[in-house]
Amino acid sequence: MGAPSALALLLLSACCGAPGWANLSQDGYWQEQDLELGTLAPLDEAISSTLWSTPDMLVSQDSQPWTSDETVVAGGMVKLRCQVKDHEDSSLQWSNPAQQTLYFGEKRALRDNRIQLVKSTPHELSISISNVALADEGEYTCSIFTMPVRTAKSLITVLGIPQKPIITGYKSPLREKDTTTLHCQSSGSKPAAQLTWRKGDQELPGEPTRIQEDSNGKTFTVSSSVTFQVTREDDGVDITCSVNHESLKGADRSTSQRIEVLYTPTAKIRPDPPHPREGQKLLLHCEGRGNPVPQQYLWEKEGSGPPLKITQESALIFPFLNKSDSGTYGCTAISNLGSYKAYYTLNVNDPSPVPSSTSTYHAIIGGIVAFIVFLLLILFIFLGHYLIRHKGTYLTHEAKGSDDAPDADTAIINAEGGQPGGDDKKEYFI
């Protein structure tokens, strides 16, 4: 592969005081020469001169291999690529962090079926490692056996995928205005993951993420806690703990805990129909809400004696309304945690029908039609007037007496004879 090291020969000759020492000829081979003692140059000058004058020791950028660092998720596949411009008739080699040879050229050296040859040429050696484990992390070396041997390093970083988080600490059920604390934990992340909390769709501020190294010395367990006071609006809401980590590549990894909150009932009264009239049937619905839901409803009318109705059904029915039913009604919704009373004032209107939407629609259509007819009538009047003023009618009329003659303002008289009572022929143009 090459000649002995010039530095080693220099040191040997300097230490032993040999009268002859090896010098490098123009063709790159070492030759022995006779030198007198005391004529040797200083050792550092000799070393420097010899090293820089050795063709095999000149470092060429073209023969220096290069690689790149890679990051892979545990269980995934990574590709190691080593390239060189001037291979100097030598082969490329990959070795693992334990300095075990994986491939020398296209020849497999380590029996690991996860490691496969991708490409082997004089200028490139590429291999792949599938089902990568955390133990595969480290520096991999690409070497080319020139004189001297040149190497390049590729650092493989393996990301540990965090496990699905676990929520603990929930005690069911909770009462309104209680304060509760939940805990969340996830193991196996590398580097350490971050935890966040949500209540429904809203972010829930929690404690900073705590980090603890796992027993394998490579991955981490992270944990966080959140404390909050519950309200009746929190009943049935999901409290979610999510893991944020680069190995997930934006995928959601979270766990939710649905909470139950007990609270006292509320109620409101809804009439059906909304505008009751005398003679109609009316239902007053008492809509109760609570956890637990109200089990009983008590109906009362202000100013009357005993309760009207105590029932598990929430509706009060009036089969046939009359004026005497008017008044203020109260509904009390009752559950194990308490009660709530709602009020409604009933005013029974006269039995005359309330204009319906259909009648209103017909009235609008009738008004439009009447307006169109009115416009057409006006148009016809103006058109007739116009025709009367601009069209002439020629009339011929024979009159025997002066009484037959038309008025001078409305006729032009053309008479052959001017004597009254004669046979005159008269023409009128109106």
Side-chain angles (χ1 to χ4, degrees), residues 172-178 199-202 229-238 258-375 377:
S172 177
L174 300 169
R175 285 182 175 267
E176 186 177 15
K177 297 183 180 181
D178 279 355
K199 181 168 69 172
D201 296 330
Q202 303 297 321
Q229 187 181 59
V230 298
T231 65
R232 62 179 58 204
E233 286 75 19
D234 296 330
D235 183 38
V237 170
D238 288 331
R258 181 161 295 180
I259 62 175
E260 181 185 6
V261 181
L262 302 179
Y263 59 94
T264 56
T266 59
K268 66 178 181 178
I269 300 175
R270 178 177 58 85
D272 182 21
H275 305 286
R277 291 188 171 274
E278 190 174 8
Q280 288 182 330
K281 179 181 179 180
L282 173 67
L283 279 77
L284 294 182
H285 296 278
C286 186
E287 298 177 344
R289 178 175 176 264
N291 188 15
V293 296
Q295 300 297 318
Q296 273 191 336
Y297 296 90
L298 172 64
W299 284 97
E300 298 174 289
K301 182 180 180 181
E302 287 190 353
S304 65
L308 301 176
K309 189 177 183 182
I310 301 176
T311 179
Q312 294 182 351
E313 297 181 0
S314 61
L316 181 63
I317 303 174
F318 297 84
F320 190 86
L321 275 178
N322 55 58
K323 291 287 188 177
S324 62
D325 293 325
S326 298
T328 300
Y329 290 82
C331 171
T332 303
I334 305 170
S335 73
N336 296 335
L337 294 184
S339 62
Y340 184 90
K341 190 172 185 178
Y343 293 93
Y344 173 76
T345 299
L346 173 62
N347 292 315
V348 180
N349 299 315
D350 294 333
S352 58
V354 178
S356 64
S357 59
T358 304
S359 300
T360 304
Y361 174 77
H362 289 163
I364 293 174
I365 296 299
I368 294 174
V369 171
F371 181 71
I372 294 174
V373 170
F374 175 74
L375 290 179
L377 182 60

Using a 4.5 Å cut-off on heavy atoms from C-beta on, say whether the side chain of [Y] contacts that of [X].
X	Y	result
N291	R232	no
I334	P294	no
L346	P276	yes
Y263	V230	no
N349	E278	no
K281	I317	yes

Return yes if some donor-acceptor pair links the side-chain N/O of S326 with the main-chain N/O of V348 below 3.5 Å, else return no.
yes
Tell me if a side-chain donor or acceptor on Q280 pairs with a main-chain N or O of R277 at a distance below 3.5 Å.
yes
Would you compute the distance between atom [atom1] of [X] and atom [atom2] of [Y] and round it to the nearest 0.5 angstrom?
X	Y	atom1	atom2	answer
T332	L298	OG1	CG	5.0 Å
Y329	L308	OH	CG	6.5 Å
K177	T231	NZ	OG1	10.5 Å
R270	C331	CZ	SG	12.5 Å
L262	D235	CG	CG	7.5 Å

Got a sec: does the NZ of K301 have more than 12 other heavy atoms crowding it under 6.0 Å?
yes
Who are the salt bridge (Lys or Arg N to Asp or Glu O under 4.0 Å) partners of R258, not counting sequence neighbours?
D238
Give me the atom names and distance for the closest heavy-atom approach of [X] to [Y].
X	Y	value
T264	E176	N-OE1, 4.4 Å
S335	V293	CB-O, 4.1 Å
A333	P265	O-CG, 3.8 Å
L282	P273	CD1-O, 3.9 Å

Atom pairs and distances, side-chain donor-acceptor, residues 336-344, under 3.5 Å, sequence neighbours left out:
from, atom 1, to, atom 2, distance (Å)
K341, NZ, E300, OE1, 2.9

Selection residues 311-327 - residue pairs positive for salt bridge (charged side-chain N to carboxylate O under 4.0 Å, His left out), sequence neighbours left out:
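For residues 311-327, and leaving out neighbouring residues, the salt bridge (charged side-chain N to carboxylate O under 4.0 Å, His left out) pairs sorted by first residue read K323-D350.
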